[in-house]
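Only one structure is covered here, and it is reproduced in the block below.
Bear in mind the structure is a predicted one, so any value in this text is a computation, not a measurement. Residue numbers start from 1 in every chain, and the chains themselves are labelled A, B, ... in the order their sequence lines are given, proteins ahead of strands.
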Amino acid sequence: MAALSTIPLNSLLSSSSASTTPAAPTSHSAQGRRPATVLVPVQLKETRWPPHPFPASPFSLLLKCHSLRELRQIHAAVVKSGLQDDPPTLTKLITFCSLHPTPSTMLYAQQLFDRIHHLDDALLFNTMARGYARTPTPKRALSLFIDMLERGVSPDDYSFPTVLKACASSKALEEGRQVHAMAAKLGFHANIYVCPTLINMYAECGDVRAARCLFEQTVDRCVVSYNAMIMACARSSRPGEALALFREMQAEGIKPTDVTMLSVLSSCALLGSLELGRWIHEYIKKNGLDSYVKVNTALIDMYAKCSSLDDAVRVFGEMDTRDTQAWSAMIVAYAIHGRGDLAVNLFEEMKRDGIRPDGITFLGLLYACSHAGLVDEGLRYFHSMNSGHAIVPGIKHYGCVVDLLARAGRLQESYQFINDLPIKPTPILWRTLLSACGGHGNVDLGRRVFERIIELDDSHGGDYVIISNMYASVGRWEEMNSIRKLMKEKRAVKMPGCSSIEVDNTVHEFFSGDGKHPQSRDLHRMLDEVVQQLKPIGYVPDTSQVFHADMTEEEKEMSLRYHSEKLAVAFGLINTPPGTTLRIVKNLRVCVDCHSMAKLVSEVFNREIFLRDLNRFHHFKNGICSCSDYW
DNA sequence: ATAGGGTTAG
């Protein structure tokens with residue numbers, strides 16, 4: 001296991017001015033993941049798309065209609081004037097539908113499309129496919145493409161972006177590959193519109209390697225290719241690689257756009273690096289990209305995830321237009337910082353402002369309620385989704401409700417809620433309940449839930465750990481041992497804990513049990529000292545969550561000291577001046593012992609500590625945590 | 001008509 005991994009921020013930032021200087025590539029992760037296969041380099045060529053000679057139709061007023069009902073009225077008029085088979089008129093109608101794609105407009109478009117018998121160019125296929133690619137049934141765009149080929153109509157350079165978009169949104173990797181092969185055969189793969197869509201298709205289908213491979217082959221990369229690739233890295237949790245690409249594009253003299261900044265900010269949020277985030281915010285301002293609503297929304301998210309709720313609030317306050325997404329991001333920001341009350345207030349304000357909430361707004365709101373213990377409000381909001389806002393709850397909303405009830409100790413209700421769901425519950429849903437059973441010490445329900453989980457997925461080590469600890473805590477050793485045996489049999493492994501802390505523009509990573517860090521001895525000496533200072537004021541190591549039951553109490557206590565978040569805290573205490581705020585990011589949920597220790601450290605050592613968990617923030621200050629011990 | 005797009009339960 002890697003003992004230490006550092007990401008030198010300086011190399012990512014290179015300089016504080018907008019025009020960065022080229023430097024040697026530093027992102028070892030980017031280098032390390034460079035694909036082995038290098039095919040023939042392709043040159044990006046811009047093809048001019050001539051304005052399409054849209055055939056004239058007497059029904060040009062179509063462009064002004066906004067509903068299917070109006071469209072039908074116009075169609076009736078078309079029929080009345082005997083133009084129902086006039087190709088220009090049909091084209092116009094279909095184009096309108098595809099620009100406003102919903103299942104019903106597309107159904108209507110398909111009926112019109114089927115009336116046309118002589119299709120000899122790609123135009124109408126493209127138009128139809130464009131509409132389908134943006135509906136819940138993108139696969140239809142794919143079958144339309146195949147239909148086009150079968151009818152002997154050759155695809156043009158507009159056919160490929162459309163069909164690739166459809167592959168991307170339906171995650172059809174195999175089909176995407178075939179389309180790629182065909183584009184290559186017809187010489188469209190280096191087209192300036194096709195190439196970025198190919199990168200995006202591979203990325204969205206989960207094959208980041210293929211995306212990167214394609215990206216590496218293109219000699220003359222444009223902004224859009226860079227944007228697609230940076231987004232691919234950010235989405236697959238490779239922030240270092242994304243930021244390295246960001247620097248690389250600047251070195252190549254390509255000017256980043258608002259879209260670039262969205263991925264860069266999202267990478268920054270993943271890293272949790274506030275200093276880097278502030279630098280990027282400056283960069284955005286300098287380059288005049290701060291007027292985009294989406295960029296500001298990404299800034300809110302970045303600041304919230306880099307532990308500065310104040311900055312998030314400031315960005316939100318300074319926006320002059322705010323859409324649903326901006327409000328949602330701010331609600332989520334309050335929620336992850338444990339300010340359920342403010343999230344709820346903001347939601348009410350949003351409704352007063354006449355902004356329509358969407359599914360994600362409700363996700364943030366329910367999340368806020370469950371983390372703040374606002375059970376009844378949460379349930380009320382959940383029920384208002386269908387009745388008041390015509391939003392159909394999805395699996396994630398159900399997950400929030402399960403959590404809402406279970407976290408508050410209403411375990412039976414939560415169990416019943418999962419059982420009564422109209423859809424098949426996922427292991428994640430049960431897992432949510434299991435961890436709440438652990439927290440509330442309900443062993444019997446926990447066992448039933450555990451059995452439901454392993455029917456569905458027996459590879460998740462965390463589940464075995466929770467149930468085994470529950471047995472241990474009530475002294476049911478035999479059952480505990482059989483769980484541990486089962487875990488071994490199934491080769492289920494628990495993800496190792498990893499925490500990182502940013503000191504002097506460098507992110508330092510610590511893994512649990514990490515004894516190989518250069519400062520390892522200092523860290524442990526520091527932790528000994530911390531424990532010595534905390535014990536008199538009531539710190540009692542909480543060994544109840546230690547998995548290995550055959551350890552002595554002392555061994556358990558020592559094993560706790562190797563937790564990655566403690567190492568990160570110790571590192572921060574040693575390497576920063578007194579009083580400096582510590583900002584730590586952890587890949588799992590924080591354990592009870594580390595949580596209570598962090599509270600005491602914040603008091604005794606007079607430090608503010610922001611600890612970003614797998615799913616929320618803990619802000620320790622003067623001996624208390626912003627989560628009020630409800631997490 | 002043309003490519004890339006932020007917020008998302010545990």
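A side-chain donor-acceptor contact under 3.5 Å links Thr361(A) and Asp358(A). Side-chain contact, Ser459(A) with Asp457(A): a donor N or O sits under 3.5 Å from an acceptor N or O.
Within 4.0 Å (heavy atoms only), Arg322(A) reaches no atom of the nucleic acid at all. Here Asp323(A) lies in heavy-atom contact (under 4.0 Å) with a base. Counting non-hydrogen atoms under 4.0 angstrom, Leu366(A) reaches nothing in the nucleic acid. Within the 4.0 angstrom heavy-atom criterion, no nucleotide atom of any strand lies near His460(A). Here Val259(A) lies in heavy-atom contact (under 4.0 Å) with a base. Residue Val293(A) is classed as a base contact, given a heavy-atom separation below 4.0 Å to a base. Nucleic acid contact for Asp358(A): none, since no nucleic acid atom lies under 4.0 Å from a heavy atom of the residue. Residue Arg616(A) is out of contact with every strand shown, counting any heavy-atom pair closer than 4.0 Å.
Near-neighbour residues of DNA chain B inside residues 421-435 of chain A, defined by a heavy atom below 4.0 Å, number-ordered: Ile428(A), Leu429(A), Thr432(A), Ser435(A).
Closest to the side chain of Cys400(A), out of dG5(B), dA3(B), dA9(B), is dA9(B). Closest to the side chain of Tyr158(A), out of dA1(B), dA9(B), dT7(B), is dA1(B). In this structure, of dT7(B), dT8(B), dA3(B), it is dT7(B) that holds the atom nearest to the side chain of Ala329(A). Residue Met231(A) has its side chain nearest to dG5(B) when only dG5(B), dA3(B), dA9(B) are considered. The side chain of Asn200(A) sits closest to dG5(B) out of dG5(B), dT7(B), dG10(B). Side-chain atoms of Glu204(A) lie closest to dG5(B) of the nucleotides dT7(B), dG10(B), dG5(B). Of the candidates dA1(B), dT8(B), dG6(B), the closest approach to any side-chain atom of Leu123(A) belongs to dA1(B). In this structure, of dG6(B), dT2(B), dG4(B), it is dG6(B) that holds the atom nearest to the side chain of Gln325(A). Counting only heavy atoms from C-beta on, Ser370(A) has its side chain closest to dG10(B) among dG10(B), dA3(B), dT8(B). Considering only side-chain atoms of Pro161(A), the nucleotide from dA1(B), dA3(B), dT7(B) that sits closest is dA3(B).
Taking both residues in full, the closest heavy atoms of Pro196(A) and Val224(A) are given as CB-CG1, 3.6 Å, listed atom of the first, atom of the second, then distance. Heavy-atom minimum distance, Ile94(A) versus Ala109(A): CG1-O, 4.0 Å. Of all non-hydrogen atoms in Phe188(A) and Val194(A), the two that sit nearest each other are O-CB, 3.1 Å.
Atom-to-atom, CZ of Arg134(A) to C1' of dA1(B) comes out at 10 Å; the value is rounded to the nearest Å. Regarding Ile300(A), its CD1 atom lies at a distance of 15 Å from the P atom of dG6(B), rounded to whole Å. Put simply, CG on Leu262(A) is 5 Å from C1' on dG6(B), counting in whole angstrom units. Between Asp463(A) atom CG and dG10(B) atom C1' there is a gap of 11 Å when expressed in whole angstrom units. Put simply, CE on Met128(A) is 17 Å from P on dA1(B), counting in whole angstrom units. Summarising the geometry, the separation between CG on Leu363(A) and C1' on dG6(B) is reported as 15 Å, rounded to the nearest angstrom. If you measure from atom CE of Met385(A) to atom P of dA9(B), you get 14 Å, rounded to the nearest angstrom. In this structure, the NE2 atom of His397(A) is 15 Å from the C1' atom of dG10(B), given to the nearest Å.
Of the side-chain N and O atoms in His371(A), none sit less than 4.0 angstrom from OP1 or OP2 of dA9(B). OP1 or OP2 of dT8(B) lies within a sub-4.0 Å distance of a side-chain N or O belonging to Lys305(A).
Arg221(A) contributes no side-chain N or O that, together with a main-chain N or O of Tyr226(A), makes up a donor-acceptor pair within less than 3.5 Å.
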What do the steps show when you test Phe316(A) against Tyr334(A) for ring pair (Phe, Tyr, Trp, His ring centres under 6.0 Å), and what is the final call?
-> CA-CA 12 Å; Phe316(A) 183 74; Tyr334(A) 279 134; 8.2 Å; no
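Residue Thr127(A) is tested with Leu99(A), Thr91(A), Thr95(A) for a side chain to side chain contact (heavy atoms under 4.5 Å, CB included); the sole match is Thr95(A).
Counting distance only, with no hydrogens placed and no angle test, the side-chain atoms of Thr197(A) and the base atoms of dG4(B) include no donor-acceptor pair under 3.5 Å.
The aromatic ring centroids of Phe125(A) and Phe113(A) lie less than 6.0 Å from each other.
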